[in-house]
Amino acid sequence: MAWMPAGETTGQGPILTDGVLVLRRPVRSDADALVEAVRSSHELLWPWLRWASADYGPEHANGFLDEVEQGNERAFAIFDPSARLQGLCGLNQVDVTHRTANLGYWLRAGATGAGRATRATRLVLDHGLQELSLERIEVVMSVHNTRSRRVPERLGLTHEGIRRRALRIGDEQHDAHVFAAFREDLPRLRGA
């Protein structure tokens with residue numbers, strides 16, 4: 001894999017790429033593709049991401065894009081060589097005082113199983129740790145979400161344990177795996 005540092009485009013923020021995937025900030029013109037990706041992936045996403053409802057529509061996508069524009073969500077739309085939206089990966093709960101953040105990701109149905117989530121996560125981790133000077137980025141998921149857990153495991157992130165009843169999903173409280181990446185992980189992440 002050729003490693004390419006983050007670039008900057010006019011008005012769109014950083015572009016992240018590893019030569020296979022391209023990640024960029026989602027913009028208004030992505031709203032229809034976002035709605036289509038979520039609706040077509042509802043059954044895959046719903047058990048873990050309750051915002052991904054069967055009736056996800058333009059108003060939901062535009063509300064999310066408002067959060068991105070206001071800087072409340074540091075999201076990256078994931079595109080493969082076909083230029084089709086494959087999902088999102090981004091940083092949230094950014095704490096500038098403590099230099100920490102949480103990293104989340106999702107892929108559309110049909111885009112899983114090909115390493116895209118791992119590649120996208122690696123790019124966003126590098127961006128957060130290097131470009132944003134974060135010291136710690138957590139990846140947290142339900143202990144029942146095996147597919148999601150495989151991403152930080154493949155990247156060799158530190159598994160810090162299980163936080164009991166840490167996630168509310170629907171009407172249930174879930175125990176959560178907690179993985180963390182640190183600035184000293186950058187050389188290994190870039191070489192992976």
Side-chain angles (χ1 to χ4, degrees), residues 1-9 12-26 44-45 48-49 68 71 73-82 85-108 110-164 166-167 174-192:
M1 171 182 84
W3 188 263
M4 297 176 66
E8 189 75 25
T9 62
Q12 285 193 341
I15 300 286
L16 313 179
T17 185
D18 64 359
V20 175
L21 295 181
V22 173
L23 280 66
R24 64 160 172 77
R25 188 178 115 194
L44 176 70
L45 300 174
W48 317 114
L49 303 169
V68 171
E73 289 280 346
R74 295 171 192 247
F76 291 91
I78 304 167
F79 296 93
D80 69 1
S82 74
L85 177 71
Q86 301 297 304
L88 291 174
C89 185
L91 298 170
N92 55 56
Q93 300 173 24
V94 176
D95 184 328
V96 295
T97 301
H98 298 289
R99 295 185 174 186
T100 62
N102 180 70
L103 186 144
Y105 45 88
W106 64 269
L107 292 176
R108 69 180 306 129
T112 62
R116 289 181 184 98
T118 303
R119 286 177 172 277
T121 298
R122 180 183 300 120
L123 288 166
V124 174
L125 284 170
D126 184 89
H127 174 71
L129 295 168
Q130 181 67 39
E131 304 300 322
L132 301 179
S133 298
L134 296 172
E135 291 290 334
R136 172 190 175 85
I137 300 175
E138 286 188 356
V139 182
V140 179
M141 78 285 304
S142 169
V143 295
H144 304 294
N145 192 344
T146 304
R147 291 180 113 179
S148 189
R149 188 189 77 232
R150 289 182 186 139
V151 172
E153 288 176 342
R154 279 197 286 281
L155 291 171
L157 302 189
T158 301
H159 184 254
E160 295 187 327
I162 295 174
R163 196 177 317 153
R164 295 184 62 215
L167 292 177
H174 288 237
D175 292 350
H177 285 290
V178 178
F179 291 85
F182 305 94
R183 298 191 81 202
E184 56 268 24
D185 293 328
L186 280 171
R188 183 183 44 73
L189 287 168
R190 289 175 176 169

**Student:** Do Phe79 and Arg24 pass the side chain to side chain contact (heavy atoms under 4.5 Å, CB included) test, and can you show the C-alpha distance, the side-chain angles, and the key distance before you say yes or no?
**Tutor:** CA-CA 8 Å; Phe79 296 93; Arg24 64 160 172 77; 3.3 Å; yes
**Student:** Compare every heavy atom of Leu134 with every heavy atom of Ala101, then report the nearest pair and how far apart it is.
**Tutor:** CB-CD1, 3.7 Å
**Student:** Of all the heavy-atom pairs spanning Leu85 and Ala77, show the shortest one and how long it is.
**Tutor:** CD1-CB, 3.6 Å
**Student:** Measuring from Leu132:CG to Arg99:CZ, what's the distance to the nearest 0.5 Å?
**Tutor:** 11.0 Å
**Student:** Give the minimum heavy-atom separation between Pro26 and Ala75, together with the two atoms involved.
**Tutor:** CD-O, 3.2 Å
**Student:** Calculate, to the nearest 0.5 Å, the distance between atoms OG1 and CG belonging to Thr121 and Leu103 respectively.
**Tutor:** 5.5 Å
**Student:** Minimum heavy-atom separation for Ala181 to Leu125, with atom names?
**Tutor:** CB-CD2, 3.8 Å
**Student:** Before giving the answer on side chain to side chain contact (heavy atoms under 4.5 Å, CB included), spell out for Leu44 and Thr112 the whole-Å C-alpha distance, their side-chain angles and the decisive distance to 0.1 Å.
**Tutor:** CA-CA 10 Å; Leu44 176 70; Thr112 62; 4.0 Å; yes
**Student:** State, yes or no, whether a side-chain contact exists between Pro14 and Glu131 at a heavy-atom distance under 4.5 Å.
**Tutor:** no
**Student:** Can you tell me how far CD of Glu73 sits from CG of Asn92, rounded to the nearest 0.5 angstrom?
**Tutor:** 5.5 Å
**Student:** What is the minimum heavy-atom distance between Leu23 and Val124, and which atoms define it?
**Tutor:** CD2-CG2, 3.7 Å
**Student:** Between Glu135 and Arg183, does the side chain to side chain contact (heavy atoms under 4.5 Å, CB included) criterion hold? Intermediate values first, please.
**Tutor:** CA-CA 6 Å; Glu135 291 290 334; Arg183 298 191 81 202; 3.4 Å; yes
**Student:** Do any N or O atoms from the side chain of Asp126 and from the backbone of Leu123 form a donor-acceptor pair under 3.5 angstrom?
**Tutor:** no
**Student:** Starting at NE2 of His159, measure out to CZ of Arg149 and round the result to the nearest 0.5 Å.
**Tutor:** 8.0 Å
**Student:** List the atom of Leu189, the atom of Arg122, and the distance in Å for their closest heavy-atom pair.
**Tutor:** O-CD, 3.1 Å
**Student:** With rounding to the nearest 0.5 Å, note down the distance linking CG in Asp80 to CZ in Arg119.
**Tutor:** 11.0 Å
**Student:** Distance-only, no hydrogens or angles: does the Tyr105 side chain make a donor-acceptor pair with backbone N or O of Ser148 under 3.5 Å?
**Tutor:** yes
**Student:** Do the side chains of Pro152 and His177 get nearer than 4.5 Å, heavy atoms only?
**Tutor:** no
**Student:** Nearest 0.5 Å, please: how far is CG in Leu91 from CZ in Arg74?
**Tutor:** 7.5 Å
**Student:** Could you check Val143 against His174 for side chain to side chain contact (heavy atoms under 4.5 Å, CB included), going step by step and ending with a plain yes or no?
**Tutor:** CA-CA 7 Å; Val143 295; His174 288 237; 5.9 Å; no
**Student:** What do you reckon, is CZ of Arg116 surrounded by more than 12 foreign heavy atoms closer than 6.0 Å?
**Tutor:** yes
